[in-house]
Every structure is written in structure tokens, then in C-alpha cells.
Amino acid sequence: MRPDSRFAAVLICFFLSGLAALLYQTAWIREFSFVFGTSAIAIAAVLAAYMSGLAVGAAAAGRFLTRVRRPVLVYGVLEAAIAASALAVPLLLRGATAACHELLGGHPELPAEGGTAVLAFFFVSSFLILMVPTAFMGATLPLLIRAAVHTDAQVGPRTGVLYGINTAGAVCGTVLAAFTLLPAIGLRATVHVGVGVNFVVFLIAAVIARKPARNQPPKDIDAVASVPFHPTPAARVMLALVCLSGVTSFTYEVLWTRLLSHV
């Protein structure tokens, strides 16, 4: 497969990945709002677990990236794992509810009204339940960068295109879930649509991985990627600023969601 055709196929996969991921996130916020009894806590729980999983998955993938020889195939397997773990979320939620009754006694109230212990239990449980699929999601971008980037000159352009196409898919997934799928087919079927999209991506990735790339440039970035990262003082400041930017961005998201819900 020619490099340009291969990269175009990878972009299609990553667009669909973003679409499925935000189908799940939109559906999970709805589902967890039923669990918590309030959308504000559900949004906070889902976003915290979602972004933590992405961070853990990306960090884990980055540690083993240079050892992966077939990154597109591993990416496809991760997409199938996302689908399987997304199907398990409702079952795990029911298990968490049963465990809460066993550990803390029966509580007819929803967690938002049932006291600090019940609320904390469900918040931590939600965090753990969503950590698995979202960690798989977080590992996908480093793998596709590994597959698509082969020279230093490609790092910025191709990483930017991958991130941008994934974000475009996420926008489409959010709109599709909120305005079409959830009203038309309901919560469970919306999740099943996301599962189907993940399996389509798995199949496409398997086909790409079976056809070896032709005329690939030497992977001269491997030598750089394998060097342990020891941030300089200036880099530590930049990392702290990036962290603060993330805190601010998602504070805005929760506040804007609360504000727009009144409108």
C-alpha cells in the first residue's frame, strides 16, 4: 500500500474512532445522570474518568511505543477492546449498585441525596468503570503517530492532522448522539452504534496492517523516541502550564454545560 493511501485510510479510522468515543461519552453522561440523580455530578464524574483514562492510556502507550512493530494492528485490537469494554459498562454499573447495597446498606435515595459516603462510592466506582475503555482510547493516538510519522519533518504536520481529524469525528459523534440517536433509538442502542463503529475500525485497521507499506522512509525518529525524557526546568514550567490549561478548559466545560442547560 502506498504511503499516501495508507495515511488516508488511517485518517478515516481515526475520524470514526473520535465519532464512536463521543457517542459513548454523550450516552454515558445520560446514563450516569440516572445513577447520580443529577446531570452536574454525572458530567463531572464522566469527564474526570474520561480524561484520566485518556492520560493513563497515552502515557502507557508512550512507554512501549518503540517496541511495537505493527502499530496499526495493535490500534485495531484496541478499538475492539474499547467496544467490548463499552458493552460492559451497564453491567458494571449494576454491579456497583449491588455492592453499594451490600457495603453501605439499602439507600432508596439517589447518590446525590444519599449522603457523602454513597456519593463518594458511586463517584469512585464510575471512575474505575470508565477507566478501562478510556485508557484504551488514550493509547490510540500514540500508536497512530507511530504508524504515520517516519521523519522529524512529519511530526508536527501529521500529528496535527491526526488530532484534528479525530476531533472532527468527536464533534460529529456528539451531534449525532444528542440530536439523532438518543431521541430516535435510545441509550442502549446508541452505545451499540458506537460498538459497531469500533468494530468497523478494527476491520479496516486489520486490512491496512495486512498490506505492508511501500516506499516508507526510514524511521529516524525511533532513536529520539527511545531516549528517556528528562525535562529541563523550562520544560517543567511548560508542563505545569499545560496542566493548568487543562484544569481551566474543563472547568469551563462543566460551567458552560450548567449554564446552557437553563437556556
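The first residue in the sequence is number 1, and the count goes up from there.
Linking Ile, Leu, Val, Met, Phe, Trp and Tyr residues whenever their side-chain heavy atoms come within less than 4.5 Å leaves Leu73 and Leu162 in two separate clusters. By the rule that hydrophobic residues join a cluster once side-chain heavy atoms approach within less than 4.5 Å of another member, Val254 and Met51 end up as members of one cluster.
Under a 4.5 Å side-chain heavy-atom criterion applied to ILVMFWY residues, the cluster that includes Leu128 comprises Val124 as well.
Glu79 and Ser17 share a donor-acceptor pair across their side chains, judged by distance under 3.5 Å alone.
The shortest side-chain heavy-atom distance between Arg69 and Arg146 falls under the 4.5 Å cut-off. For the pair Leu93/Thr97, no side-chain contact is recorded, criterion being any heavy-atom separation below 4.5 Å from C-beta on. Side-chain contact between Cys13 and Ile208: present, with at least one pair of heavy atoms (C-beta onward) separated by less than 4.5 Å. Contact check for Ile145 versus Leu65: no side-chain heavy atoms found under the 4.5 Å cut-off. Using a 4.5 Å heavy-atom threshold, the side chains of Arg6 and Val72 count as touching.
Separating the CZ atom in Phe14 from the CG atom in Leu143 is a distance of 9.5 Å, to the nearest 0.5 Å. Between the CG atom in Leu181 and the NE2 atom in His192 there is a gap of 12.5 Å [rounded to 0.5 Å]. Rounding to the nearest 0.5 Å gives a distance of 11.0 Å between CG of Leu11 and CG of Leu16. Distance check, rounded to the nearest 0.5 Å: CG of Leu182 to CG of Leu176 gives 9.0 Å. Rounded to the nearest 0.5 angstrom, Glu31 CD and Ile29 CD1 are separated by 12.0 Å. Between the CG atom in Leu47 and the OG1 atom in Thr134 there is a gap of 11.5 Å [rounded to 0.5 Å].
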* **Candidate pair Met137 and Tyr50, rule side chain to side chain contact (heavy atoms under 4.5 Å, CB included), full reasoning** => CA-CA 9 Å; Met137 293 176 193; Tyr50 202 94; 3.5 Å; yes

* **Phe136 vs Thr140, side chain to side chain contact (heavy atoms under 4.5 Å, CB included): CA-CA, chis, key distance, verdict** => CA-CA 7 Å; Phe136 291 147; Thr140 57; over 6 Å; no

* **Trace of the side chain to side chain contact (heavy atoms under 4.5 Å, CB included) decision for Leu144 with Asn166** => CA-CA 11 Å; Leu144 289 188; Asn166 186 250; over 6 Å; no

* Checking side chain to side chain contact (heavy atoms under 4.5 Å, CB included) for the pair Val191/Leu23: CA distance, chi angles, key distance, verdict? -> CA-CA 7 Å; Val191 172; Leu23 282 180; over 6 Å; no

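Heavy-atom minimum distance, Ser52 versus Ala48: OG-O, 2.7 Å. Closest heavy-atom contact between Met131 and Gly53: SD-CA, 3.4 Å. Nearest heavy atom pair, residue Gly186 against residue Thr190, reads O-OG1, 2.6 Å. Ala27 and Leu187 get closest at one heavy-atom pair: O-CD1, 3.2 Å. Of all the heavy atoms in Phe15 and Cys172, the pair that sits closest is CZ-SG, 3.8 Å. Here the closest heavy-atom approach between residue Gly138 and residue Pro142 is recorded as O-CD, 3.3 Å.
Between Trp28 and Phe32, the distance from one ring center to the other does not fall under 6.0 angstrom.
Heavy-atom neighbours of Phe127 CZ from other residues, nucleotides or ligands within 6.0 Å: above the threshold of 12.
For Tyr24 (side chain) and Val195 (main-chain N/O), a donor-acceptor pair under 3.5 Å exists by modelled atom type. With hydrogens and angles ignored, the 3.5 Å screen pairs a side-chain donor or acceptor of Ser85 with a backbone N or O of Ile82. Judged purely by atom type and a 3.5 angstrom limit, Ser126 uses its side chain to pair as donor or acceptor with the backbone of Phe122.
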